[in-house]
Amino acid sequence: YVYAYACIIIILLLSFVFSSGHLLLFLFALGFVSTEEENVISTAGSTAELSCIYTSVEKFKLNKLRVYWQIQNGSKLIVVHTFVSGYENQSEQSRDFRNRTRLFKDKLENGTFSLLLLNVSLRDEHTYRCIVQKKENVFKVIHKAVVALKVAVNNSLPVLSGPVGTRPSIGEDMTLSCNYSQGYPKPNVYWINGTDNSFLHPSSLNITQDTDGTYSVFSTLKMKATSNIKIECIIENELLQQNLTAIYLEDITNSNATKDSLIDLNKPGAQAGSVVAIAVVLVGLVVLTCWLWKRKSFHRESYTDVQQNEDGGQCNAQRIILSSPI
Ligand SMILES: *[C@@H]1O[C@H](CO)[C@@H](O)[C@H](O)[C@H]1NC(C)=O
Ligand SMILES: *[C@@H]1O[C@H](CO)[C@@H](O)[C@H](O)[C@H]1NC(C)=O
Ligand SMILES: *[C@@H]1O[C@H](CO)[C@@H](O)[C@H](O)[C@H]1NC(C)=O
Ligand SMILES: *[C@@H]1O[C@H](CO)[C@@H](O)[C@H](O)[C@H]1NC(C)=O
Ligand SMILES: *[C@@H]1O[C@H](CO)[C@@H](O)[C@H](O)[C@H]1NC(C)=O
Ligand SMILES: *[C@@H]1O[C@H](CO)[C@@H](O)[C@H](O)[C@H]1NC(C)=O
Ligand SMILES: *[C@@H]1O[C@H](CO)[C@@H](O)[C@H](O)[C@H]1NC(C)=O
Ligand SMILES: *[C@@H]1O[C@H](CO)[C@@H](O)[C@H](O)[C@H]1NC(C)=O
């Protein structure tokens with residue numbers, strides 16, 4: 001019955017404390033009262049929406065409403081946003097959040113106390129608490145929400161580079177390097193042979209953390225050049241469930257053949273293309289002419305008759321093209 005005692009004490013405390021909203025805030029801050037926590041994932045530079053919604057049919061009067069958004073840093077309470085009796089009071093707001101917070105003002109009376117946090121950065125990773133009070137005789141807490149904000153950084157793409165200038169020949173050693181800068185959280189790095197989708201072991205892999213908390217990757221892969229090279233460097237961001245892929249492509253044996261086939265394609269291919277184009281235009285013109293002509297001569301007949309005649313006209317047109325001297 002230790003639990004029963006704890007419950008009774010908490011209930012007594014709560015009923016005592018209900019008369020003083022600020023004391024309750026203090027209790028929330030101590031984590032005395034727990035609420036279900038929601039996770040929000042946001043990318044650096046974007047706008048995060050921290051949800052705090054009270055569903056009721058009741059319309060709130062703004063001058064009888066207090067909305068507090070705050071975080072707890074050790075024993076210190078940090079004010080993120082306050083809305084008191086119809087006004088947003090910036091005097092107690094932490095400088096870190098100045099000009100970056102917005103409430104949905106037109107939806108407050110409907111019970112939407114959610115907060116928009118603009119231009120999110122890694123330093124905004126906190127657990128945010130929303131506390132809403134309504135004045136009857138005194139201010140009473142009517143709603144609370146806890147939102148844990150997780151921030152991912154993916155402002156860059158990986159860069160995969162191979163030997164510069166010289167073209168490797170088959171069997172020769174070559175080194176590829178994969179570069180990725182300033183991601184968060186710590187990324188997973190995969191090297192993959194794109195021709196058979198097998199995993200490759202990198203010759204070196206360095207993941208370093210910068211002073212701003214982000215991670216950068218420098219990894220190299222030594223390999224023997226084959227006729228067809230397709231190597232992928234994949235940077236996985238587990239928080240975003242996102243893979244960023246850089247691909248290295250090199251076709252060594254077929255370098256001459258590719259050029260030859262390109263020439264092949266360019267000359268007769270282009271000619272064939274223009275013949276087809278001219279034929280299509282001719283067919284179109286002939287069909288149109290036939291159709292207009294038939295339509296004119298049978299304009300008193302029923303619609304289905306006209307259609308049958310059109311089909312006949314198309315057949316004629318095709319015959320004309322087939323025998324045309326191209
Ligand atoms: C904002 O809050 C401070 C301290 O609570 C108070 O002194 C000040 O008058 C308030 N300003 C407005 C505009 O309500
Ligand atoms: C907030 O915006 C005001 C006016 O737009 C500006 O004067 C002030 O310097 C800004 N504060 C911060 C901390 O950016
Ligand atoms: C608030 O709710 C009322 C109905 O209860 C609705 O008509 C109104 O559009 C809502 N306002 C907003 C801003 O959603
Ligand atoms: C967003 O925040 C970063 C620092 O976190 C700052 O360098 C940048 O100027 C801000 N961008 C805007 C549009 O305020
Ligand atoms: C980062 O992730 C967001 C959300 O998944 C996406 O919209 C954006 O394009 C990504 N940025 C880069 C550079 O891949
Ligand atoms: C790639 O890595 C090298 C060496 O670490 C560095 O000097 C270079 O700036 C990086 N390039 C990019 C695009 O990140
Ligand atoms: C990213 O690619 C790796 C390697 O192919 C794979 O194991 C992983 O499941 C992929 N992750 C996502 C989020 O697609
Ligand atoms: C490609 O062409 C060059 C000269 O045109 C020739 O020396 C070389 O052997 C050819 N390579 C292949 C793989 O056919």
Side-chain angles (χ1 to χ4, degrees), residues 38-51 69-71 73 76-84 87-103 105 115-126 128 147-161 176-210 212-221 223 229-249:
E38 191 200 346
N39 281 318
V40 169
I41 295 169
S42 184
T43 53
S46 65
T47 297
E49 182 174 338
L50 312 179
S51 174
W69 274 97
Q70 58 196 31
I71 53 184
N73 193 353
K76 213 170 69 184
L77 262 188
I78 296 172
V79 175
V80 178
H81 196 101
T82 56
F83 178 91
V84 175
Y87 298 96
E88 280 160 292
N89 191 335
Q90 287 205 334
S91 63
E92 287 180 70
Q93 185 186 40
S94 158
R95 191 182 301 173
D96 291 346
F97 296 99
R98 194 60 51 85
N99 291 349
R100 290 203 297 134
T101 53
R102 309 267 187 278
L103 291 173
K105 287 228 194 71
L115 185 77
L116 285 180
L117 181 56
L118 278 55
N119 191 20
V120 165
S121 79
L122 268 188
R123 292 188 306 152
D124 296 330
E125 272 202 340
H126 297 289
Y128 294 78
V147 182
L149 178 64
K150 298 261 178 277
V151 179
V153 186
N154 68 336
N155 291 331
S156 74
L157 294 170
V159 177
L160 183 47
S161 45
L176 300 182
S177 53
C178 182
N179 245 7
Y180 177 68
S181 53
Q182 300 191 311
Y184 190 88
K186 192 176 182 179
N188 296 323
V189 182
Y190 306 99
W191 285 89
I192 285 179
N193 184 345
T195 55
D196 59 4
N197 284 324
S198 59
F199 285 90
L200 302 168
H201 288 289
S203 319
S204 75
L205 173 59
N206 285 311
I207 303 181
T208 51
Q209 191 168 22
D210 300 341
D212 64 357
T214 61
Y215 292 90
S216 292
V217 175
F218 186 72
S219 181
T220 59
L221 178 79
M223 56 178 291
I229 304 173
K230 185 184 180 197
I231 302 292
E232 295 171 8
C233 171
I234 299 179
I235 305 290
E236 182 183 40
N237 188 319
E238 277 184 307
L239 188 57
L240 293 176
Q241 281 296 297
Q242 184 180 63
N243 270 351
L244 301 174
T245 307
I247 301 179
Y248 182 86
L249 277 175

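Start at 1 and go down the list; that is how both ligands and their atoms are numbered.
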Worksheet item: Any side-chain donor paired with an acceptor under 3.5 Å for Ser216 and Thr208?
Response: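 Side-chain D/A pair, Ser216 to Thr208: absent.
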
Worksheet item: Do you see a donor-acceptor pair shorter than 3.5 Å between the side chains of Trp69 and Thr101?
Response: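 Absent: no donor and acceptor within the cut-off.
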
Discussion item. Residue-level breakdown please: for Asn188 versus ligand 7, do any non-hydrogen atoms fall below 4.0 Å on the side chain, on the backbone, on both, or on neither?
Written reply: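 For Asn188, there is no contact with ligand 7 at all, from either part.
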
Fill in: Side chain, backbone, both or neither: Glu236 near ligand 7, heavy atoms under 4.0 Å
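The answer is the side chain.
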
Practice prompt. With a 4.0 angstrom cut-off on heavy atoms, strictly below it, pick out the residues next to ligand 2 and order them by chain and number.
Written response: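 For ligand 2, the contacting residues are Arg98, Asn99.
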
Return the minimal non-hydrogen interatomic distance between [X] and [Y], and the atom names on each side.
{"X": "Val151", "Y": "Glu125", "result": "N-OE2, 2.9 Å"}
{"X": "Ile234", "Y": "Thr245", "result": "CG1-OG1, 3.8 Å"}
{"X": "Gly213", "Y": "Leu122", "result": "C-CD1, 4.1 Å"}
{"X": "Gln93", "Y": "Val80", "result": "NE2-O, 2.8 Å"}

Item to complete: Could you list the atoms of ligand 5 found under 4.0 angstrom from a heavy atom of Leu244?
Response: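 Those qualifying, in numeric order: 14 (O).
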
Discussion item. Give the atom numbers and elements of ligand 5 that come within less than 4.0 Å of a heavy atom of Asn154.
Written reply: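 Once the distances to Asn154 are compared, the set is 1 (C), 2 (O), 3 (C), 8 (C), 10 (C), 11 (N), 12 (C), 13 (C), 14 (O).
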
Item to complete: Using the six-membered ring wherever Trp is involved, compare the ring planes of Tyr215 and Tyr184 and label them parallel, tilted or perpendicular (cut-offs 30° and 60°).
Response: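 Parallel.
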
Item to complete: List for me each residue that meets side-chain hydrogen bond (donor to acceptor under 3.5 Å, both in side chains) alongside Ser198, sequence neighbours excluded, and say none if there are none.
Response: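 Result, side-chain hydrogen bond (donor to acceptor under 3.5 Å, both in side chains) vs Ser198: Asp196.
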
Discussion item. Below 3.5 Å, N or O to N or O, backbone or side chain included: is there any such pair between Asn243 and ligand 7?
Written reply: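 Yes; the residue has a nitrogen or oxygen that sits under 3.5 Å from a nitrogen or oxygen of the ligand.
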
Discussion item. Looking at ligand 7, would Ile192 count as a contact under a 4.0 Å heavy-atom criterion?
Written reply: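 Under 4.0 Å: yes for Ile192.
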
Worksheet item: Is there a nitrogen or oxygen of Thr43 sitting under 3.5 Å from a nitrogen or oxygen of ligand 5?
Response: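 No.
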
Item to complete: Kindly confirm or rule out an N or O of Gln242 lying under 3.5 angstrom from an N or O of ligand 5.
Response: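 Yes.
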
Worksheet entry | Main-chain N/O of Cys178 paired to Ser219 side chain as donor or acceptor, under 3.5 Å |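 Side chain of Ser219 to backbone of Cys178: no pair is present.
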
Worksheet item: CD/Glu238 to CG/Asn243 distance, rounded to the nearest 0.5 angstrom?
Response: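 That separation rounds to 9.5 Å.
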
